[in-house]
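Read the numbers this way: they start at 1 and go in the same order the structure lists the ligands and their atoms.
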Amino acid sequence: MSTLDPAGWSGLRALGHQMMDDMIDHLSGIATQPVWRPLPDDIRAGFTAPLPAHGTAPERLYESFTTNIKPYVTGNTHPRFMGWVHGGGNPVSMLAELLAGAMNANCGGRDHVGIVVERQVIAWAAEMLGLPAQTSGVLLTGSSMANFIAVLCARFKALGADARANGLQGARLTAYASAGVHRCVPSALDMAGLGLQALRKIPVDADFRMDLNALRAAIAADKAAGCTPFLIVGTAGTVDVGAFDDLTALAEIAHEHNAWFHADAAFGALAALSPNRKHFLTGIERADSVAFDFHKWAQVTYDAGCVLIRDPELHNATFAQATSYLAAAPRGLAGGHPWPCDLGPDLSRGFRALKVWMTLSAYGSEALGAVVDTTCTLAQHLAARITASNRLELLAPVKLNIVCFAITGYTDAQTADLVADLQESGLFAPSTTIIGGRMAIRAAIVNHRTQQSDIDALAEEILRRIAL
Ligand SMILES: *Cc1c(COP(=O)(O)O)cnc(C)c1O
């Protein structure tokens, strides 16, 4: 007998029920916990043990989880976590992860319901952004992978199947994005074999949007130098300040030059569900591809990224390979093509779609849109508190849910210390960034649990500390 299942299930059943109760208590009481706790050295050292040869009872492991793991996670489920751009997750998604674990489906291919649920989610994503119903797509770890897949599709459009077979062969492809572009876009060009330098970072205007005249000039200069402008990336919600490029204008310019138009809408895509903010995304419906995350503003548990590709045949042609062991069949379990393994680099993939489908179904687009609106309203509230103070100043206009501000007279080192102090106190977790050469405290309000009292408490705590 070498099965890993227990001889009798009652002990595991009891443990599972206990875990479920504890996790629901954990989420329902999250606001009373510290946002974050530094990991003590002895616990850190406990994770350098050799590979265990013999098993430990799951009850003991659960104790270890409770003591050594649960208190020391990132903290992004907490209403006072405002660092980076992290989603808060949701309890239905947590339960869906349990169900997906029990099914243990491999969603790389084959004819089963996991693939069908994923196609439903992709169709909803296309509908949300106004792309055609036949739009192709896959779920991924995150927008970093989604942007990479979009770059490979754009490369396919520019160079065709020949480049898949034989590489770039000296092709000089150039891509364009605003200076506020996320680091994963240059990385995607690097991984696609084009090099980081293939990305032209175009200056932004006072509202942190790509300067269109500078874009036109850069394209003209590259063409004159014998390069092929093949890709324009519009950012819909920059990670620093939440700025939206003029997507309609970028779509036009891409069309003029026969270039691929991609939108990195990692978190901004969800503005589509907010009647008040949907207009920021105008033009995205013309994109050849879109990258975005369900794990940020849509509050699905990590990880859940998504890429949409307008042309389903091109998407398939960019990744498909004929292999005997993955051959399509007209019927049986090997039916149901196209398979996700022909739409990206992953073959084995988990049942991510279940938690996305359950989250979107449980709450509906209106409630998720209301979360987007509320977080933006809270950002405006924080901006107003900053403007009202003579010790604090805004470093960028607050268009969306991100507030970048500075303390008058503070050096970058003092600002970094204050932010680290706040994090280590367990009270708040903002992050930092650099705006116009100056370090900013950055509050990204993404979590559906954050309330106005949390925003007020943050402003008051900062003012209290700098008054000391
Ligand atoms: C978060 C983010 C990314 C990267 O997405 P991941 O899901 O972290 O891989 C890319 N672009 C923007 C604008 C982002 O905010």
Nearest neighbour in protein (non-hydrogen) for atom 9 (O) of ligand 1:
Ser144 OG, 2.6 Å
Nearest heavy-atom contact between Ala249 and Asp246 is N-OD1, 3.0 Å
How does Ala146 reach ligand 1, by side chain, by backbone, by both or by neither, if only non-hydrogen atoms under 4.0 Å count?
neither
the protein heavy atom lying closest to atom 11 (N) of ligand 1 turns out to be Asp264 OD2, 2.7 Å
Give the residue and atom name of whichever protein heavy atom lies nearest to atom 12 (C) of ligand 1, and the separation in Å to one decimal.
Ala266 CB, 3.2 Å
Do Arg438 and Glu393 sit within salt-bridge range, that is, some charged N less than 4.0 Å from a carboxylate O?
yes
Atom indices of ligand 1, in the order listed, that fall short of 4.0 Å to a heavy atom of Val239
15 (O)
Taking 4.0 angstrom as the limit and counting only heavy atoms of His295, give me the atoms of ligand 1 inside it, by number and element.
7 (O)
Please confirm whether the backbone N or O of Leu247 pairs with a side-chain atom of Asp245, one donor and one acceptor, at under 3.5 Å?
no
Distance only, no hydrogens: is a donor on one side chain within 3.5 Å (strictly under) of an acceptor on the other, for Tyr302 and Asn76?
no
Would you mind listing which atoms of ligand 1 come within a distance below 4.0 Å of any non-hydrogen atom of Gly142?
7 (O), 9 (O)
Check this for me: does any side-chain nitrogen of one of Arg352 and Glu118 sit under 4.0 Å from a carboxylate oxygen of the other?
no
Ser143 versus ligand 1: do any nitrogen or oxygen atoms come within less than 3.5 Å of each other?
yes
In a check of side-chain contact (heavy atoms from CB on, under 4.5 Å) between Thr387 and each of Leu394, Leu382, Val398, which one passes?
Leu394
Any atoms of ligand 1 less than 4.0 Å from a non-hydrogen atom of Phe267? List them with their elements.
15 (O)
Contacting atoms of ligand 1, where contact means under 4.0 angstrom from a heavy atom of Cys184
10 (C)
Going by the 4.0 angstrom heavy-atom rule, the piece of Val85 near ligand 1 is neither
Under 4.0 Å to a heavy atom of Gly237 - the qualifying atoms of ligand 1, by number
13 (C)
Below 4.5 Å, heavy atoms only, C-beta onward: do Leu152 and Arg155 meet side chain to side chain?
yes
Nearest neighbour in protein (non-hydrogen) for atom 10 (C) of ligand 1
His182 CG, 3.2 Å
Identify, with sequence neighbours excluded, every residue that meets side-chain hydrogen bond (donor to acceptor under 3.5 Å, both in side chains) alongside Arg164.
none
Can you list the ligand 1 atoms lying under 4.0 Å from a non-hydrogen atom of Asp293?
5 (O), 6 (P), 7 (O)
Give a yes or no on whether Trp124 atom CH2 has more than 12 heavy-atom contacts from other residues, nucleotides or ligands under 6.0 Å away.
yes
Of all protein heavy atoms, the one nearest atom 8 (O) of ligand 1 is Lys296 NZ, 4.1 Å
For the pair His337 and Trp339, name the ring-plane relationship: parallel under 30°, tilted 30 to 60°, perpendicular over 60°.
parallel
